**Q** 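The structure follows.
Bear in mind that the values here come from a model prediction, so they are computed numbers and not experimental data. All chains are named by letter (A, B, ...) in the order of the sequence lines, taking the proteins before the strands, and each is independently numbered beginning at 1.
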2 protein chains.
Amino acid sequence: MKEALPIGQAATQSGVKVPTIRYYEQIGLLPLPLRSEGNRRLYSESEMRRLAFIRHARELGFEVDAIRALLDLQDNPQRSCAEADVIARARLADVEHRIASLTALRKELRRMITACAGGSVSDCMVIETLAENSQLRSAKKG
Amino acid sequence: MKEALPIGQAATQSGVKVPTIRYYEQIGLLPLPLRSEGNRRLYSESEMRRLAFIRHARELGFEVDAIRALLDLQDNPQRSCAEADVIARARLADVEHRIASLTALRKELRRMITACAGGSVSDCMVIETLAENSQLRSAKKG
DNA sequence: GTACATCCTCTAGTGACTAGAGGAGCAAGC
DNA sequence: GCTTGCTCCTCTAGTCACTAGAGGATGTAC
């Protein structure tokens, strides 16, 4: 087992800023870490892993509550599979929707870059494309 | 040319809420619309199109500044293609990174749902999957 | 033992909305 | 003309997920 890290090193290693780590602790995404004699936070390997997960999930646009749900799954492996299933399926649906939207956008961005290669912007259709796509869904999350 | 819409109908049609439309006006994403005799906003077809674009772009995770940049491009079609290219390529890189991460997560969620079909959650590896991927980039924007 | 970085807690500010107060405009019915 | 009720107006304040800063304690290097 590796030695524990102070918050500054935890921040550097995870790419999550120091105040953000403290914020995650405050809202209960991270457990209260061990403290040194001088009252400083010390992060274990498993906490670092959890932190990396949170960071990545946030980058992907998951809300804190969704991340909390995923972490709960991990924390309670004995839990009924039905619960896990509901959470996982909801996340999956969300992820698939995001992938579909981003794939459509990627296509349009590629087209735009290609089209722009040799002239003015006047024939770029980003706005038209995205405006039309926006009819795909008519309501957002609750 | 179709007749102009009051803000409530603009909201219904675009899926952007009334206060959000006013907010977009306030921060300069939408132009100041025509007003009726009674001082009510009236949205033309082109403003509706712009609104639809903004909504879709926001759903896809673009920041307001990025949207502003794209709209500026559209507003100034005589502008150099180099500028458009820079914006589009930055967006494309971002989008591709997101797609890659989400695809990895989708795989894991699917695996999880399958695994859960017959047992406990104990071997779910969501955290590991994302925690490892998170080394791909070490810094965010700005 | 004194610099100086790193840490602590606490409060306040940011971006992108979102909700609510308090009031004006307007269409329909009496 | 007058009321009912909806939509609209402006303005301020609240939310989420951070982010920055004040003011002070700790830890390490010379």
**Q** Does A:R41 reach a base, just sugar-phosphate, or nothing at all? Heavy atoms under 4.0 Å.
**A**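 Counting heavy atoms under 4.0 Å across all strands, the contact made by A:R41 is with sugar-phosphate only.
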**Q** Using a cut-off of strictly less than 4.0 Å, decide whether A:R40 has a side-chain nitrogen or oxygen near OP1 or OP2 of D:dG27.
**A**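 Negative; the distance criterion is not met.
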**Q** Between atom CD1 in B:I67 and atom C1' in C:dG15, what is the gap in whole Å?
**A**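 Taking atom C1' of C:dG15 as the reference, CD1 of B:I67 is at 12 Å.
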**Q** Is any side-chain heavy atom of B:E47 closer than 4.5 Å to a side-chain heavy atom of B:P31?
**A**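 Of all side-chain heavy-atom pairs linking B:P31 with B:E47, at least one is under 4.5 Å.
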**Q** When the distance from CZ of B:R68 to C1' of C:dG15 is rounded to whole Å, what number comes out?
**A**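 In whole Å, C:dG15 C1' lies 11 Å from B:R68 CZ.
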**Q** Side-chain contact test, heavy atoms from C-beta onward, threshold under 4.5 Å: evaluate it for B:Y43 versus B:R41 and give yes or no.
**A**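 Sidechains of B:R41 and B:Y43: in contact.
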**Q** For B:L42 and D:dT7, what is the distance between atoms CG and P respectively, to the nearest whole Å?
**A**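 Going from CG in B:L42 over to P in D:dT7 covers 16 Å.
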**Q** Give the rounded distance in Å between these two atoms: CZ of B:R35 and P of C:dG25.
**A**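 Distance check: B:R35 CZ to C:dG25 P gives 13 Å.
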**Q** Less than 4.5 Å apart, any side-chain heavy atom of A:L42 and any of A:P33?
**A**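 The answer is no, as the side chains (C-beta and beyond) never meet within the 4.5 Å cut-off.
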**Q** Measure CD/B:E25 against C1'/D:dC9 and give the value in whole Å, please.
**A**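 Taking atom C1' of D:dC9 as the reference, CD of B:E25 is at 11 Å.
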**Q** Nucleotides 14-18 of chain D: which of its N/O atoms have a protein N/O under 3.5 Å away?
**A**
unit_1	atom_1	unit_2	atom_2	d
D:dA17	OP1	A:V64	N	3.2
D:dA17	O3'	A:R58	NH2	3.2
D:dC18	OP1	A:Y24	OH	3.4
D:dC18	OP2	A:Y24	OH	2.8
D:dC18	OP2	A:R58	NE	2.7

**Q** For the pair made of CD in B:E37 and C1' in D:dT7, what is the distance, rounded to whole Å?
**A**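 Distance check: B:E37 CD to D:dT7 C1' gives 17 Å.
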**Q** Check whether any side-chain heavy atom of A:Y24 lies under 4.5 Å from a side-chain heavy atom of A:R58, and answer yes or no.
**A**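 Heavy-atom side-chain distance check passes, below 4.5 Å.
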**Q** Using heavy-atom distances to pick each residue's nearest nucleotide on DNA chain D, tell me which of A:N39 and B:Q9 is more 5'.
**A**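 That would be B:Q9.
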**Q** Can you list the steps and then say if B:E63 with B:R68 is a salt bridge (charged side-chain N to carboxylate O under 4.0 Å, His left out)?
**A** CA-CA 9 Å; B:E63 286 163 23; B:R68 206 189 300 274; over 6 Å; no
**Q** Are OP1 or OP2 of C:dT9 and a side-chain N or O of A:R22 less than 4.0 angstrom apart?
**A**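 For C:dT9, neither OP1 nor OP2 has a side-chain N or O of A:R22 closer than 4.0 Å.
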**Q** What does the inter-axis angle of the helix from C:dG1-D:dC30 to C:dC30-D:dG1 come out as, five pairs per end, nearest 10 degrees?
**A**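 Computed from the C1' atoms at both ends, the axes differ by 10°.
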**Q** Can you tell me the distance, in whole Å, between the CD1 atom of A:I21 and the C1' atom of C:dC7?
**A**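 One finds 12 Å between C1' of C:dC7 and CD1 of A:I21, rounded.
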**Q** Side chains of A:V64 and A:I54: does their closest heavy-atom pair fall under 4.5 Å?
**A**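 Side chain of A:V64 against side chain of A:I54, heavy atoms only: no contact under 4.5 Å found.
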**Q** Quick one: are A:L29 and A:Y23 in side-chain contact, heavy atoms under 4.5 Å?
**A**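 No - every pair of side-chain heavy atoms lies 4.5 Å or more apart.
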**Q** Would you mind checking if B:E96 and B:R89 are paired as a salt bridge, meaning a charged N to carboxylate O distance below 4.0 Å?
**A**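 So B:R89 does not pair with B:E96 through a salt bridge.
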**Q** Do B:L51 and B:S14 come close enough that some side-chain heavy atom pair is under 4.5 Å?
**A**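 Yes, close enough: below the 4.5 Å cut-off.
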**Q** To the nearest angstrom, how far is B:Q26 atom CD from D:dT12 atom P?
**A**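 Going from B:Q26 (CD) to D:dT12 (P), I get 11 Å.
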